[in-house]
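Following: one structure in structure tokens, then a few remarks.
Basis for what follows: all heavy atoms, side chains included, without hydrogens, waters or symmetry-related copies. Chain naming here is simple, since letters A, B, ... match the order of the sequence lines and numbering starts at 1 in each. Here the structure is a predicted model, which is why all the values come from computation and not from measurement.
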Amino acid sequence: MRFKKTLLITIHFFLMILKISAQDTSDIMKELEKEIQQKKEFVTATFKTTRLINGHTVENVGKGVLDIKISHRFGQINEGSYELFGLDEATIRIGGDFGITNNLMVGIGRSTFQKTYDAFFKLKLLRQSSGNNSVPITLSYIPTIALKTLKFEDPSRKNYFSSRISYTHQLIIARKFSKNTSLQLMPTYIHKNLVLLAADPNNLFALGIGGRQKLTKRVSINVEYYYQLPKYKMPNTTNSLSIGFDIETGGHVFQLHFTNSKGMTEKNLITETAGDWAKGDILFGFNISRVFTIGNRSK
Amino acid sequence: MNSKYYLPICCGFILLANVAFGQSIFTKNGKTLFFSTTSVEDIKATNNQTICLLNLQTGELQFSILNKGFRFRKALMEEHFNENYIESNKYPKSTFKGTLLDIDKINFTKDGVYAVTAIGDLFIHGITQKVSAVGNMNISKGLVTIISKFKIVLSDYNISIPKTVLKNISPNIEISINCNLDQKR
């Protein structure tokens with residue numbers, strides 16, 4: 001009798017151990033998963049492509065990726081039916097961006113606006129990440145050089161090649177707040193070697209703000225605004241404001257937008273925008289991006 | 001029989017319990033590959049941080065993969081995989097929890113290749129499906145390697161392919177696993 005009782009207790013005890021052991025596998029798994037999850041993870045896809053609307057986003061193309069972009073702006077909608085609400089007119093920039101590393105990309109382009117060539121590089125200095133030693137923002141630096149090749153307005157005076165050149169230095173501070181919402185700030189400094197009037201400033205400062213909100217997995221709405229600081233503003237210009245949509249299909253991104261800017265390089269866009277939204281000086285436009293993977297990605 | 005047997009029997013059971021249920025082998029850098037093959041495009045991705053855990057006595061077998069750990073040849077494919085298909089922000093990991101059948105018939109001290117079958121729950125993209133897969137267990141000098149190849153249907157896991165890329169992505173994905181369970185716990 002006594003033995004039976006102890007045996008029962010023992011079996012009970014044994015079953016308890018069995019039960020603890022049965023949980024073991026899942027417990028060990030949880031521990032292992034924890035170790036892996038603590039690893040630093042970079043945030044990706046803050047924006048769909050390297051341009052928000054006219055200006056840059058914080059995004060780069062990946063290493064060995066070539067992104068051909070055709071940006072097209074029609075004329076002003078308020079030009080009326082004679083110009084078919086701007087559709088008779090066109091301003092185009094054709095350009096290519098290439099990823100040298102995942103953090104460094106270079107690009108060139110040619111715009112019909114003032115027959116401008118531009119070249120830039122975009123370097124990621126910080127990358128937003130989660131996990132150990134996480135970083136809350138992504139920070140990029142983008143210097144651009146633009147060359148205006150229109151004939152000189154006054155050929156009789158002595159003209160210098162350097163007069164055609166302007167420089168832009170831009171920082172982009174971006175954060176992906178959730179899988180659908182991203183915002184960025186773009187402080188920008190522009191230097192023009194030659195300006196039209198003696199009263200016009202050569203050095204200009206602007207602060208840009210932009211963001212995107214995803215509407216579906218493949219469509220987002222974007223807003224981009226560049227505010228010229230009053231002290232360093234180009235006279236008789238307006239601030240650039242654009243609203244647009246990104247539509248993604250496989251290797252393409254289509255961007256459709258409304259903007260008051262004709263130019264598509266930073267210097268034209270930020271300091272030479274003439275349109276006024278309130279007067280209906282709005283241009284419809286689109287960007288088409290197609291990526292090609294050239295090199296094999298090595299990790 | 002009386003109570004003097006109590007202690008040895010009890011000790012015996014505890015010992016047995018420890019021996020029987022304390023043995024798990026695992027890896028944290030197993031390999032998982034997946035392939036999608038169509039006439040237009042081949043897509044291949046590799047994850048080298050697959051966790052695989054096997055309880056040698058009970059046959060419990062578990063896998064866990066961080067979806068963000070898959071590497072593709074094209075950067076954009078990787079982005080689309082995470083953003084549009086597997087939605088790795090919402091569903092950070094894919095798991096398998098199941099059992100390796102007839103594990104007691106395997107002699108872990110003897111080198112060789114054993115055909116094995118696993119059954120259990122495969123969790124991908126927020127959906128759990130009962131699956132079974134066949135594979136091989138290679139034992140060489142006490143080291144256990146699990147190799148398996150099986151197919152899953154994307155629509156079973158509520159992963160839809162948009163019309164524009166219907167020709168580029170196969171509705172059936174082949175998954176290949178190779179885990180060298182070289183660590184013990």
Per-residue tally against chain A (heavy atom, under 4.5 Å) across B/N84, B/T164, B/L76 peaks at B/N84

Without hydrogens or angle criteria, can the side chains of A/D67 and A/S289 be said to hold a donor-acceptor pair below 3.5 Å? yes

Let's test your reading of the structure: which of B/Q62, B/K90, B/K163 forms the most heavy-atom pairs below 4.5 Å with chain A? B/Q62

Carboxylate-amine/guanidinium contact A/R93 A/D118, below 4.0 Å: yes

Counting only heavy atoms closer than 4.5 Å, note whether A/F292 contacts chain B via side chain, backbone, both or neither. neither

Contact part of B/F26 toward chain A, heavy-atom cut-off under 4.5 Å: side chain, backbone, both or neither? side chain

Do you see a donor-acceptor pair shorter than 3.5 Å between the side chains of B/T27 and B/N29? yes

Check each atom of A/K176 against the heavy atoms of chain B and say whether the ones under 4.5 Å are side chain, backbone, both or neither. side chain

Answer with side chain, backbone, both or neither: which region of B/E79 has an atom nearer than 4.5 Å to a non-hydrogen atom of chain A? side chain

One thing to verify: whether B/K93 and A/E33 come together as a salt bridge, which I'm taking to mean a side-chain N less than 4.0 angstrom from a carboxylate O. yes

If I measure from the heavy atoms of chain A, does B/N89 come under 4.5 Å with its side chain, its backbone, both, or neither? side chain

I'd like to know if B/E87 pairs up with A/K217 as an ion pair, taking the criterion as any Lys NZ or Arg NE/NH1/NH2 lying under 4.0 Å from an Asp or Glu carboxylate oxygen. yes

Using a 6.0 Å distance limit plus a 45 degree cone around the ring axis, check whether A/R218 lies over the aromatic ring of B/Y85. yes

